[in-house]
Novice: 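Following this message is one structure expressed as C-alpha cells.
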Amino acid sequence: MLSVKEAESTILNLASSFDSNQNLEIVDLEAANGRILAQSVRGKLDIPHWNNSAMDGYAVCYRDVQNCSAEDPTILEVVTEIAAGDRPEIEIEPGQAARIFTGAMLPKSADTIVMQENTTREGDRVKILKAPESGEFVRHQGAFYQAGSPLLEAGVTIGAAEIAVLATAQCTQISVYRRPRVGILSTGDELVTPEESLHPGQIVDSNQYALASFVANNGGVPVMLGIVRDNPKELKNAISKAIGSTDIVLSTGGVSVGDYDYVDRILAELGGTLHVRSVAVKPGKPLTVANFKDNNCLYFGIPGNPVSALVSCWRFVRPALKKLAGNKRYHSQFINATTRHDLKSGGTRETYLWGQVHLVDGSYEFALAGGSHSSGNLINLAQTNGLAIVPVGQKLIASGKEVKIMLVD
Ligand code: AMP
Ligand code: MG
C-alpha cells in the first residue's frame, strides 16, 4: 500500500504533459476562454502604444511649471485640444499647454500632465496652481510591455484577464492544447441510469454524472461510456474499447477485493502496467492506476462508493488530468484553517473529511459536513469546498486546532 505522497508522485510521473506540436488546436479569441495556451505569445507593439494621459487635464512641459504654486501660478497658452483617439499634430512650445483627456496621445515635447483639478481656465489661458511631479500622469510607451518580449507563457489558463491581453495584442487565432478525452464507465450489476425505474436491490449510477462534471470542470472532455455489468467478458471488452479511444479512463467500482472485482486482472490481461493498487487514504483505499504505453492511455480504477470516487478524483485524478492537459498549475491547492469540529480518524490512513471552508475575520475556518461520514453518503458531500486532512498517526484534530485543507471545486 502506497502513502498518499507516493501515489501522487507515481501518478504525476505517469501523466506526461501534452506535446505542444501534436496536441494543439487553433481557436478564435472568443472560443479561447478556459483553454490552456499551448505556445507562448509575443506582441508586435509596445503597450501603451504611445505616451498617453492618465487624467483629464493639461499636457505641459515640466520645466515650465516646476516652481508654480497657488500663490505664484504659472499661466500657459492653451494651443490645442486632444481627445482620446486624436493624433496631435502640433508640438508644445515653451509657455504653451494642450487641453488633454484621459487616454489621449501626448503631443510632442509635452512630458507631464497637470490634472484639471489643479488648474483654472480663463479663455485660451490656463493657470497652473500646483507644481506636478516630473512625468506625472503620463502612461509612457512600453511601460507595461515591450514589443517582442513574452506576453503570455504556454501553460496558462486563459480567462478574462488573459483574453484582454490577447485582444490588446491583436492575437485573434490562439494556439491551445486540445482537451484530453476522458472515458468514464461505471461497473456494477446493481446500477441503473437515473431515467430507469429502480427495483429492490438496485441503485442509481450517480458516479457517471459526478465524474463527467468533475472532468469538464478540470479541462477534460467527458466521454460517458455507460454502465458495464460485473461480467469479466463484458468488462474486458468495454475497457479495451475505452483505452483505445481516450487519453484517460476513469472506471468506478470493481477494484476492491470482492468476488466481482475484476478490473485489476483485466487491466493486466490487456497489457497494462499496474503502478498503484491501493493507497493509505480514507476514503478511497482501493485505487488502481495503470498505464497503457501503446495506447498512450492512463487508467484509474476508482472505488465505487460515491464519496470515495469523488475524493479519489479530487486528490489523484485532478492533478494528473491538469498536467496532461498542459496546465502549468496542476498541483492541488492547500490552505490552513481552524476546525470548528473535532476531526477523527482511525490513525492508520491519511483521512479526508468533507465540509466547508469559510473566511471569517481574515482567517479560514473549516466546518465538517453534518450527518454521516460514511463513504457511501453522497448526500452531505453536496456543497463541499474543502477536505480536511488528518495525517497518518493522528486520531483526532480537536475543535479549535489548525488543520490542513485541500481545496476542491
Ligand atoms: P464497489 O467498489 O464496486 O465494491 O462498490 C462500492 C459501493 O459503491 C457499492 O455500495 C456500490 O453499490 C456503490 N457504487 C458502485 N458504483 C456506483 C456508481 N456508479 N454510482 C453510485 N454508487 C456506486
Ligand atoms: Mg461493484
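For ligands, and for the atoms within them, numbers begin at 1 and follow the listed sequence. All values derive from a computational prediction rather than experimental measurement.
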Novice: At what distance is the nearest protein heavy atom to atom 2 (O) of ligand 1, and which residue and atom is it?
Specialist: Gly304 N, 2.9 Å
Novice: Less than 4.0 Å between a side-chain N and a carboxylate O, is that true for Arg315 and Glu8?
Specialist: yes
Novice: Would a 4.5 Å heavy-atom cut-off, applied to side chains only, mark Val176 and Ile158 as touching?
Specialist: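 Side chain of Val176 against side chain of Ile158, heavy atoms only: contact under 4.5 Å found.
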Novice: More than 12 foreign heavy atoms under 6.0 Å from CD of Gln173: is that the case here?
Specialist: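 Yes, enclosed.
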Novice: Give yes or no for whether the N/O distance cutoff of 3.5 Å, strictly under, is met between Gln208 and ligand 1.
Specialist: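 N/O-N/O distance under 3.5 Å: no.
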Novice: Can you tell me which residue and heavy atom of the protein come closest to atom 4 (O) of ligand 1, and the distance to 0.1 Å?
Specialist: Ser256 OG, 3.7 Å
Novice: Give the residue and atom name of whichever protein heavy atom lies nearest to atom 3 (O) of ligand 1, and the separation in Å to one decimal.
Specialist: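 The answer is Gly254 N, 3.0 Å.
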Novice: If we count only N and O atoms by modelled type, under 3.5 Å, do the side chains of Asp205 and Ser186 hold a donor and an acceptor together?
Specialist: yes
Novice: State the atoms of ligand 1, each with its element, that fall below the 4.0 Å cut-off from a heavy-atom position in Pro306.
Specialist: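 What qualifies from ligand 1 is 21 (C), 22 (N).
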Novice: Give me the residue, atom name and distance of the protein heavy atom closest to atom 22 (N) of ligand 1.
Specialist: Ile203 CD1, 3.3 Å
Novice: Using a distance-only test with no angle check, is there a side-chain donor-acceptor pair under 3.5 angstrom linking Ser251 and Tyr299?
Specialist: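 Per modelled atom types, Ser251 and Tyr299 side chains form a pair under 3.5 Å.
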Novice: Considering non-hydrogen atoms of the protein only, which is the closest contact for atom 9 (C) of ligand 1, and what is the distance?
Specialist: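 Answer for atom 9 (C) of ligand 1: Glu190 OE2, 4.1 Å.
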Novice: Taking 4.0 Å as the limit for heavy-atom contacts, which would you say applies to Asn305 with ligand 1: side chain only, backbone only, both, or neither?
Specialist: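 Asn305 to ligand 1: contacts from backbone and side chain alike.
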Novice: Is it the case that more than 12 heavy atoms not belonging to Arg329 sit under 6.0 Å from its CZ atom?
Specialist: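 Incorrect, the count does not exceed 12.
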Novice: So does Lys328 have more than 12 non-hydrogen atoms from other groups sitting under 6.0 Å from NZ?
Specialist: yes
Novice: Run the numbers for me: atoms of ligand 1, each under 4.0 Å from some heavy atom of Thr252, listed by number.
Specialist: 19 (N)
Novice: Would the number of heavy atoms belonging to other residues, nucleotides or ligands and lying under 6.0 Å from OH of Tyr364 be above 12?
Specialist: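 Open: at most 12 neighbouring heavy atoms sit under 6.0 Å from OH of Tyr364.
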Novice: Which residue and atom name correspond to the protein heavy atom nearest atom 19 (N) of ligand 1, and how close is it?
Specialist: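 Going atom by atom, the protein heavy atom closest to atom 19 (N) of ligand 1 ends up being Asp205 OD1, 2.8 Å.
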Novice: Write out the residue and atom name of the closest protein heavy atom to atom 18 (C) of ligand 1, then the distance separating them to 0.1 Å.
Specialist: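 Scanning the protein heavy atoms, the shortest distance from atom 18 (C) of ligand 1 goes to Asn207 ND2, 3.1 Å.
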Novice: Would Ser206 count as a contact residue for ligand 1, given that I'm defining contact as a non-hydrogen atom of the residue lying under 4.0 Å from a ligand atom?
Specialist: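 Flag set, Ser206 near ligand 1.
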Novice: Taking only non-hydrogen atoms of Val204, do any sit less than 4.0 angstrom from ligand 1?
Specialist: yes
Novice: Which ligand 1 atoms does Ser186 reach within 4.0 Å, using its non-hydrogen atoms?
Specialist: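 Answer for ligand 1: 19 (N).
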Novice: I'd like to know if Glu269 pairs up with Lys236 as an ion pair, taking the criterion as any Lys NZ or Arg NE/NH1/NH2 lying under 4.0 Å from an Asp or Glu carboxylate oxygen.
Specialist: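 A salt bridge links Glu269 with Lys236.
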